[in-house]
Amino acid sequence: MKLVFTKSNLTKAVNIVMKAVPTRTTMTILECILIDATTNVIKFTANDMELGIETIVEGDIIEKGKIALDAKFFSEFIRKLPDNEITLETDNNNVATIYCENTKINIAGKSGDDFSYLPAIVKDKFITLSQFSLREVINQTIFSLSMLDNNKLMTGELFEVTDNKLKVVGLDGHRIAIRNITLEDHYDHIKVIVPGKTLSEISKILSTDAESMVNIYFTNNHILFEFDETLVVSRLIEGDYFKIDQMLSNDYETKISINKKEFMESIERANLFIKESDKKPIIFSVTDGSLRVNVKSAIGNFDDNININKDGKDIMIGFNPKFLIDALKVIDEETIDIYMVNPKSPCFIRDREQSYIYLILPVNFVV
């Protein structure tokens, strides 16, 4: 095999597939990137058996072939080469030779025939949306997942398609993040749980261009994302997702409208008075026209007042500041509405159309 690349094209492809290379595995072949030029295109593939990524690389095929190369070494070495043309050759013993300007190295590879290709996905059940929208909806919900939880369902996000609506939900037992987006077409009902790791990695390689589209295909066991000459295949999480609708309510005793920027900056200032080991909540006291933000800790005391519009009863309630900050960071509106029932019931941050809903459980506190 003999291939010629520009450094930028080669680096881009390696960076994409590296996201599916396992950090730990007993199968050394999975620590490799498969370079396959047996057809008229060059494909790079990585696969950790849960997540697999394949991308087509722009380059010249002088001689066809394939080889598997150690991903970490190959990635780091390519990154340190000069910004010039790179040639990759292999021999019959799976030894790869890489040339770039005055640099030449030989590295031992493995047979490409030993590599596990991505599973074949039947493309009959799918949706289409912009890469920008998918990237946004992931970033606006994924922070609510519990990546290390013993409950597997809490490490994944619900993707539910109903007609022309896509609902994405993440939760960790203390909070729920929900985003609803409208699709351009109408689709069959789909309900799957996608691993958070898959979504985290795919959000890093999606385009921010609203005109660039992504097709998402669904089977009983897998999900396939197809965009920009790249395929990302992931296993789904098995099981019945939590009954989210039973956790949501439109009832409230107190509703406030508040400037989001002022609210978030006040919470961030208050958070400076809380050591992580303390696990102290921030206390909110809601009265007519004012929200008082208060913290008492070993560092000192913090008090702040923010102007609000209030509908309903006065309330004093405590929250973990991180949960509020995470939600506020991904809301674009200048003014937000917060709905509360009592100091022991969850609060809801949501817009009128309920395109976003953030449920946050309060924290017990002693006055």
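Counting begins at 1 with the first residue of the sequence. The structure presented is a predicted model; accordingly, all values stated were derived computationally and were not measured.
When atom types are taken as modelled, the side chain of Ser345 and the backbone of Val341 share no donor-acceptor pair closer than 3.5 angstrom. In terms of modelled atom types and a separation under 3.5 Å, the side chain of Lys7 and the main chain of Leu81 share a donor-acceptor contact. In this structure, Asn9 contributes its side chain and Lys12 its backbone to no donor-acceptor pair below 3.5 Å. A donor-acceptor pair is defined here as one N or O able to donate and one able to accept, closer than 3.5 Å; such a pair exists between the side chain of Glu157 and the backbone of Ile142. Checking side-chain atoms of Thr11 against main-chain N and O of Ser8 turns up no donor-acceptor pair under 3.5 Å. Under a 3.5 Å cut-off, the side chain of Asn271 and the backbone N or O of Ile267 do not form any donor-acceptor pair. Counting only distance, with no hydrogens or angles, the side chain of Ser203 and the backbone of Ser200 share a donor-acceptor pair below 3.5 Å. Between the side chain of Asn93 and the main chain of Val95, no donor-acceptor pair closer than 3.5 Å is present.
Closest heavy-atom contact between Asp240 and Leu153: O-CD1, 3.3 Å. When all heavy atoms of Ala37 and Lys64 are compared, the closest pair comes out as O-CB, 3.1 Å.
Judged by distance alone, the side chains of Ser116 and Asn47 never bring a donor and an acceptor atom under 3.5 Å apart. Residues Asp228 and Gln131 bring a donor and an acceptor atom of their side chains to less than 3.5 Å of each other. Between Thr55 and Glu229, the side chains place no donor N or O within less than 3.5 Å of an acceptor N or O (distance only, hydrogens not considered). Under the 3.5 Å distance criterion, with hydrogens and angles disregarded, a donor-acceptor pair is assigned to the side chains of Asp304 and Ser266. Residues Thr335 and Asn259 have side chains that never bring a donor and an acceptor to within less than 3.5 angstrom of each other. Side-chain contact of Ser290 with Asn305: a donor-acceptor pair under 3.5 Å is present, judged by distance alone.
A salt bridge links Lys123 with Glu226: the distance from a Lys NZ or Arg NE/NH1/NH2 to an Asp or Glu carboxylate oxygen falls below 4.0 Å. Ion pairing between a basic and an acidic side chain is recognised when a charged N comes within 4.0 Å of a carboxylate O; Arg235 and Asp48 show no such pairing.
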- [ ] Show the numbers, then the answer: is there a side chain to side chain donor-acceptor pair (under 3.5 Å) between Asn180 and Ser355?
- [x] CA-CA 5 Å; Asn180 294 292; Ser355 62; over 6 Å; no
- [ ] Apply the test side-chain contact (heavy atoms from CB on, under 4.5 Å) to residues Asp311 and Thr254: give CA-CA distance (whole Å), side-chain angles for both, the deciding distance (0.1 Å), then the verdict.
- [x] CA-CA 6 Å; Asp311 177 20; Thr254 307; over 6 Å; no
Open item on the list: Using the rule given for side-chain contact (heavy atoms from CB on, under 4.5 Å), can you reason through Ile331 versus Lys260, listing the C-alpha separation, both sets of side-chain angles and the distance that settles it, and then say yes or no?
Closed with: CA-CA 8 Å; Ile331 297 175; Lys260 190 206 81 168; 4.2 Å; yes
Task: Worked check of side-chain contact (heavy atoms from CB on, under 4.5 Å) between Val57 and Phe44 - done: CA-CA 7 Å; Val57 192; Phe44 282 17; 3.6 Å; yes
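Taking Asn221 as the reference, Glu238 meet the side chain to side chain contact (heavy atoms under 4.5 Å, CB included) condition, with sequence neighbours excluded. Checked against side chain to side chain donor-acceptor pair (under 3.5 Å), Lys310 has the following partners two or more places apart in sequence or in another chain: Asp288, Asp314. By the side chain to side chain contact (heavy atoms under 4.5 Å, CB included) test, Asn250 pairs with Arg350, Gln354, sequence neighbours left out. For the ring-ring contact (aromatic ring centres under 6.0 Å, His included) test, no residue two or more places apart in sequence or in another chain qualifies with Phe225.
Clustering of Ile, Leu, Val, Met, Phe, Trp and Tyr side chains at separations under 4.5 Å places Phe115 together with Met27, Ile29, Leu30, Leu34, Met49, Tyr117.
For residues 235-274, every residue pair satisfying the ring-ring contact (aromatic ring centres under 6.0 Å, His included) rule, not counting sequence neighbours, is listed here: Tyr252-Tyr339, Phe263-Phe284, Phe273-Phe302.
Linking ILVMFWY side-chain heavy atoms closer than 4.5 Å, directly or via other members, places Phe143 and Ile181 in two distinct hydrophobic clusters.
Side-chain contact check for Ile16 versus Thr230: some heavy-atom pair is nearer than 4.5 Å.
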